[in-house]
J.: 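This is the structure I want to talk about, given as structure tokens.
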Amino acid sequence: MQGPNEEFMKVAVAEAIKGVNEGDGGPFGAVVVKDGKIVAKGHNMVIGNHDATAHAEVTAIRNACDALGTHDLSGCQLYTSCYPCPMCMGACLWARLNAIYFAATSTDAANADFDDSHFHEFVKNPITNEGRIWEQLKIDAYLAPFDEWKRKSDKVPY
Ligand SMILES: [Zn+2]
């Protein structure tokens with residue numbers, strides 16, 4: 001595989017600026033690359049879409065999955081204007097992206113009032129605290145979805 005290409009990062013950063021200028025959301029952009037070509041772009045659309053999950057990386061991944069007609073982005077690379085938050089890291093893992101290149105750091109984002117360091121800390125140690133309850137709640141059939149999945153003969157494992 002080739003190393004990172006600065007031209008793709010320039011597009012990701014331009015996408016971030018576009019999102020700011022269009023009022024869609026925060027200053028974040030991303031592109032997905034496959035075989036040396038951009039297959040999808042995305043920027044933060046949290047405000048415009050009223051969607052807390054519409055981060056640039058998630059938006060770019062959704063657009064790439066749509067463009068390529070698959071949920072599996074193995075062999076693709078993500079260029080993102082800023083280090084991913086925990087949700088976007090998870091999206092990168094589920095999408096099976098094989099490289100993630102980021103430009104700005106979490107510290108740069110914090111300097112622009114986007115501080116996700118407490119989210120990264122929480123993921124390392126998910127606990128109930130004064131701000132949030134995080135606890136298991138079992139019901140009788142809580143394992144039924146897994147039983148159903150195991151029984152399903154035509155499932156598509158991923
Ligand atoms: Zn994110």
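This is a predicted model, so every value here is computed, not measured. One-based numbering, in listed order, for ligands and for the atoms of each.
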J.: Could you check, using the six-membered ring where one of them is a Trp, whether Phe28 and Phe114 have ring centers closer than 6.0 angstrom?
T.: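 Phe28 vs Phe114: aromatic centres under 6.0 Å.
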
J.: Evaluate the side-chain proximity of Phe122 to Lys124: yes if any heavy-atom separation is below 4.5 Å, no if none is.
T.: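 The answer is no, as the side chains (C-beta and beyond) never meet within the 4.5 Å cut-off.
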
J.: How are the rings of Phe8 and Tyr79 set relative to one another: parallel (under 30°), tilted (30 to 60°) or perpendicular (over 60°)?
T.: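 Phe8 vs Tyr79 ring planes: perpendicular.
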
J.: Which label fits His120 and Tyr83: parallel for a plane angle under 30°, tilted from 30 to 60°, or perpendicular past 60°?
T.: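 Tilted: the ring planes of His120 and Tyr83 meet at 30° to 60°.
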
J.: Can you list, by chain and residue number, the protein N, O or S atoms under 2.8 Å from the Zn ion (ligand 1)?
T.: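 Listed by chain and number, the atoms are His55 ND1, Cys85 SG, Cys88 SG.
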
J.: Taking the six-membered ring of Phe146 as reference, does the NZ or CZ atom of Arg151 fall below 6.0 Å from its centre and within a 45° cone about the axis?
T.: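 That pair does not qualify as a cation-pi contact.
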
J.: Should Pro27 and Ile17 count as side-chain neighbours, where that means a heavy-atom distance under 4.5 Å?
T.: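 They are not in side-chain contact.
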
